[in-house]
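Just so you know, residue 1 is the first one in the sequence shown, and it goes up from there. Read the numbers this way: they start at 1 and go in the same order the structure lists the ligands and their atoms.
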Amino acid sequence: MRRFDLIIVGASFAGLACARTAASRGLKVCVVERKTDPGLAVRTTGILVKEAAEEADIPSHLTRLIRGVRLYAPNGKSTDHAAPGYYFLASDTPNLLRWMADEARRAGAELMFGTAFKGAEQTNEAVTLPDLALQARLLIGADGATSAVGRHFGLDANRRFLGGVEFELEPEPGLDERFLHCFLDSKLAPGYIAWAVPGIGITQVGLAARHGFRPDARAFLQSYVKRLGLPERRILARRSGLIPAGGTLRRTALGRVMLVGDAAGHVSPVTGGGIVQTLRLGRRLAQLASDWIDAGGEHPAAALAREAPKFGVKLWLRRGLDLAPPNWLWNVAFGTAPFRAFAQSIYFHQRGARSDSLPPERLSGMIDELKGEKEHERA
Ligand SMILES: Cc1cc2nc3c(=O)[nH]c(=O)nc-3n(C[C@H](O)[C@H](O)[C@H](O)COP(=O)(O)OP(=O)(O)OC[C@H]3O[C@@H](n4cnc5c(N)ncnc54)[C@H](O)[C@@H]3O)c2cc1C
């Protein structure tokens, strides 16, 4: 039996952020991941909001700066949104996860790829994974939206989801690369949006929809190509997955077992963005675990529960979005001042307040500056 302080199931954003910090703090850490390579079969678009970029100092060659959002109504009209100092990063997600794995390993964590969690037993002193002959003081389930660790220990499970599917296409130079292109369409993507992202070496085109609706990425691909007047591009790969949309789960720990990241519902029910929380809470959990193990601090589950997002208003908004306003209503509302303010606050959240407080001419000036830059580039 090999003994560790932490065994983490899942080598993705939450698990690797946790492993790196815990190992840096001197804990003996083992990560168990069923995939043979962390960059295989990624299930995310991999857009990082600015706050996520601030959680992990990611090498710049793995990301691309995106300055704003171009939002399209079902009738094809579009508005541009940005906020001073704010940005998104498109990422080379497979290599980002490989880099995170290398960082965790460099900090001293042991990574076991091609190894699935199948079950564990716990006593007052330790958690044991008998089939892998591993034992730890704490077992962390960072194993995603349908957590096997959570299921095994009877913890709360995500029950409400968005379903997302995306194609990786050959790069499309005609797509304005300063923007995330987001499309409102309640027929194709009820409850959510469709998107086109100028990624790194690829263009990512996909959509997500409320629970129970099967999103059709091919239908969107065709309408998107037509709408933007772009040529058809070869599909290189497909990504898909479930996005928890019911907010942070209540019972995410039992004794020496606890969940983090998608496994614990740490995903915004409105935007479906989870990377920022998984990085933040993965890292924070490692700090709390090391305080608990080394200094007899508070149980990490209790401390993490206080710091995890509650998503109160966002859960109400999710209910509203699930009603999927008909396309004609999007078309009517689109471009009105309240709708623009709503879009601004969804994409730029707390920064939205700052940009709202700007005089409107400053904000539109910024958008004009962005447009000006593009014209300059073309010239
Ligand atoms: C289509 C789609 C697009 C998205 N786009 C974005 C986006 O652009 N920006 C954003 O912020 N968020 C996005 N999200 C959400 C984001 O991807 C997740 O919030 C984030 O990946 C969660 O990270 P995690 O580490 O908690 O779990 P995951 O990334 O799901 O990783 C779980 C890991 O556990 C492993 N695992 C599972 N079961 C076992 C087992 N039994 N044994 C061993 N290993 C196991 C898996 O192989 C995986 O590596 C998207 C999600 C989807 C589905």
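Look at Glu166 and you'll find every heavy atom at least 4.0 Å from all atoms of ligand 1. Under the 4.0 angstrom criterion for non-hydrogen atoms, Lys35 is in contact with ligand 1. Using a non-hydrogen distance threshold of 4.0 Å, Thr115 registers as a contact of ligand 1.
The Gly273 neighbourhood of ligand 1 comprises atoms 10 (C), 11 (O), 12 (N), with distances under 4.0 Å to a heavy atom of that residue. Applying the 4.0 Å criterion to heavy atoms of Gly241 picks out, from ligand 1, the atoms 53 (C).
Proximity of Ala142 to ligand 1, defined as any heavy-atom pair under 4.0 Å, is confined to the backbone N, CA, C and O atoms. Contacts between Ile275 and ligand 1, counted as non-hydrogen atom pairs separated by less than 4.0 Å, involve both the backbone and the side chain.
The N/O atoms of Ser12, backbone and side chain alike, include one that comes under 3.5 Å of an N/O atom in ligand 1. Distances between N or O atoms of Ala145 and those of ligand 1 include no value under 3.5 Å. The distance criterion of under 3.5 Å between nitrogen or oxygen atoms is not met by Ser240 with respect to ligand 1.
When each of Arg2, Arg105, Lys28 is paired with Glu110, the salt bridge (charged side-chain N to carboxylate O under 4.0 Å, His left out) condition holds for Arg2 and for no other. Results of the side-chain contact (heavy atoms from CB on, under 4.5 Å) test with Leu279 over Leu281, Val276, Ile275 single out Ile275 as the only residue that passes.
Of the charged side-chain nitrogens involved, at least one lies within less than 4.0 Å of a carboxylate oxygen, so that Arg160 and Asp322 count as a salt-bridged pair.
Aromatic pair Trp195/His181: ring centres not closer than 6.0 Å.
In this structure, Arg70 satisfies the cation-pi test against Phe179, with its NZ or CZ atom closer than 6.0 Å to the six-membered ring centre and inside 45 degrees of the ring normal.
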Kindly indicate, with the supporting measurements, whether the criterion salt bridge (charged side-chain N to carboxylate O under 4.0 Å, His left out) is fulfilled by Arg34 and Asp143.
-> CA-CA 10 Å; Arg34 70 178 166 200; Asp143 53 341; over 6 Å; no
